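Shown next, in structure tokens, is the structure this report addresses.
Nothing here was measured: the structure is a model prediction, and the numbers come from that model. In the text below, chain A, chain B and the rest are named by the order of the sequence lines, each starting its count at 1.
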Protein chains: 2
Amino acid sequence: MPTPTGRPPRISRAEILAAALRVIEEDGVGTLTMRRLAREVGTTAMALYHHVRDKEELLLLLLDDYAAGLPRPDLPEDPRERVVTAAMAMHEAVSGCPWAVDVLRADDLLSVGALWYPERIVDAAVRAGLTVEDAVDAYRIIWHYTAGEIAGRAAARRRRQEGGTTYRERAFAELDAEEFPRLSEVAGRWEELTARDTYAKGVRALVDGLLR
Amino acid sequence: MPTPTGRPPRISRAEILAAALRVIEEDGVGTLTMRRLAREVGTTAMALYHHVRDKEELLLLLLDDYAAGLPRPDLPEDPRERVVTAAMAMHEAVSGCPWAVDVLRADDLLSVGALWYPERIVDAAVRAGLTVEDAVDAYRIIWHYTAGEIAGRAAARRRRQEGGTTYRERAFAELDAEEFPRLSEVAGRWEELTARDTYAKGVRALVDGLLR
DNA sequence: AGCAGTTTCTATACATGTATAGAAAGTAGC
DNA sequence: GCTACTTTCTATACATGTATAGAAACTGCT
């Protein structure tokens, strides 16, 4: 299409994304609303919907740009360690993105800018001896774990901020020690036990189990 | 408190939960709004908030009841298989709950009625030779994987229903075969490759890796 | 210039979760 | 019975994402 038709646009997707990023960086992801964003770009909320399908897509595009700009880590030669390193890089990339949690409802990663991660993971898994099919399975399993871990960790953080009685706390409070001996044993230490970062442990176990 | 004070309640939490369950079963979880629920119970939306902190807690309580009513499977003697079986039961329990996805933003399972699952998993992990601390880690890693898998699967299902171009499809369409050889190789078969249920494979790998 | 077609933008409206203020309906002490 | 207090409920309001209808601004054709 050499000559475009129709009313000429006053705003572009890129402009919207840039403004969104600005808002997020300045005032946090919680303040990013379509109306606020529109104000920032100098238009109305509904005008944004011509450049972006919905808010979820907006955040996805943002995540995409973000991931595309990250440095790719060097990967070790050993295939097993390669998978672990790539997975941890993926985890770090997504964790570092404050709005990622709202988009994590994806069955797999993801988007143009983030394809590096699945590519490396699948490739390393094949090098480790898996068939391509198994390698794809492995990647998706790792992704599910990664997404679940990040979502969980984000929820925990939010809960700690908001304060108030956790539903879990109540569950632990009325815990029957006879019926649930193990949980009773650790109930008092739960907060402490679950504060540690166990992601690496998890991927290592996963990779060990998957590549054998 | 033998004699209660204050205006006597016209509705109870149990009543609300029952009505909510009825609405979900009859018209789907998508139609469950606070106003609809209030109408069903014969009160106003805001009145519900005296019996339930917010909608999330409502769904959590519902999930709790649901999980509490499920039959507990027999667990095999072998500790490793025991963990796998308990995890799969947990997965099945949560998957079977249509509204669970909206509540899955929890850092760990969960609630009074569902404590059976973590108890069994931690216990089996200890029997398999882990310390209590490691067993708790193992349980949470399994939970993160489980939650991520369910959320992903739900997102995929939704996307299939709604139709329209997936973001992923677009990503695959403009895929550079030189930069991403592995992904290009499987791009055409992605839908087929990711349709299979890989949860069992994942937990098995995870348990293998964790219990060694 | 005028008409048709296309794209972008504006105005308005709606459903939703939930905050807030205050009314209603009880109990206990006097 | 009256007042103080407590709990529950009602009315109203607001921010949010987004649907819908139509106006506005452009191109190309006649």
Side-chain donor-acceptor contacts of residues 198-206 of chain B below 3.5 Å, not counting sequence neighbours, with atom names and distances?
from	atom 1	to	atom 2	distance (Å)
B:Tyr199	OH	B:Thr146	OG1	2.7
B:Lys201	NZ	A:Asp134	OD1	2.9
B:Lys201	NZ	A:Asp137	OD2	2.9
B:Arg204	NH2	B:Glu81	OE1	3.0
B:Arg204	NH2	B:Glu81	OE2	3.4

What pairs with A:Glu92 under salt bridge (Lys or Arg N to Asp or Glu O under 4.0 Å), at least two apart in sequence or on another chain?
none

Please report the closest heavy-atom contact between B:Asp64 and B:Ala114, naming both atoms and the distance.
OD1-N, 3.7 Å

Set of residues satisfying side chain to side chain donor-acceptor pair (under 3.5 Å) with respect to B:Arg182, sequence neighbours excluded:
A:Asp123

Partners meeting ring pair (Phe, Tyr, Trp, His ring centres under 6.0 Å) with A:Trp99 (sequence neighbours left out)
A:Tyr66

Which residues pass the side chain to side chain donor-acceptor pair (under 3.5 Å) test with A:Asp54, not counting sequence neighbours?
none

For the pair made of CD in B:Glu57 and P in C:dT18, what is the distance, rounded to whole Å?
11 Å

For A:Glu119, give me all partners under salt bridge (Lys or Arg N to Asp or Glu O under 4.0 Å), at least two apart in sequence or on another chain.
none

Polar atoms only, N or O, under 3.5 Å: list the protein pairs with nucleotides 27-30 of chain D and their distances.
from	atom 1	to	atom 2	distance (Å)
D:dG28	OP1	A:Thr3	OG1	3.3

Output one letter per nucleotide in nucleotides 9-16 of chain C: B when a protein non-hydrogen atom lies under 4.0 Å from the base, S when only the sugar-phosphate is that close, - when neither is.
BBBBB--B

Tell me every residue that passes salt bridge (Lys or Arg N to Asp or Glu O under 4.0 Å) with B:Arg157, counting only those two or more places apart in sequence or in another chain.
none

Taking salt bridge (Lys or Arg N to Asp or Glu O under 4.0 Å) as the definition, give me every residue that meets it alongside B:Arg72, ordered by chain and number, with sequence neighbours left out.
none

Taking five pairs at each end, how big is the angle between the two axes of the helix from C:dA1-D:dT30 to C:dC30-D:dG1, to 10°?
30°

Non-neighbouring partners of B:His51 that pass side chain to side chain donor-acceptor pair (under 3.5 Å), sequence neighbours left out:
none

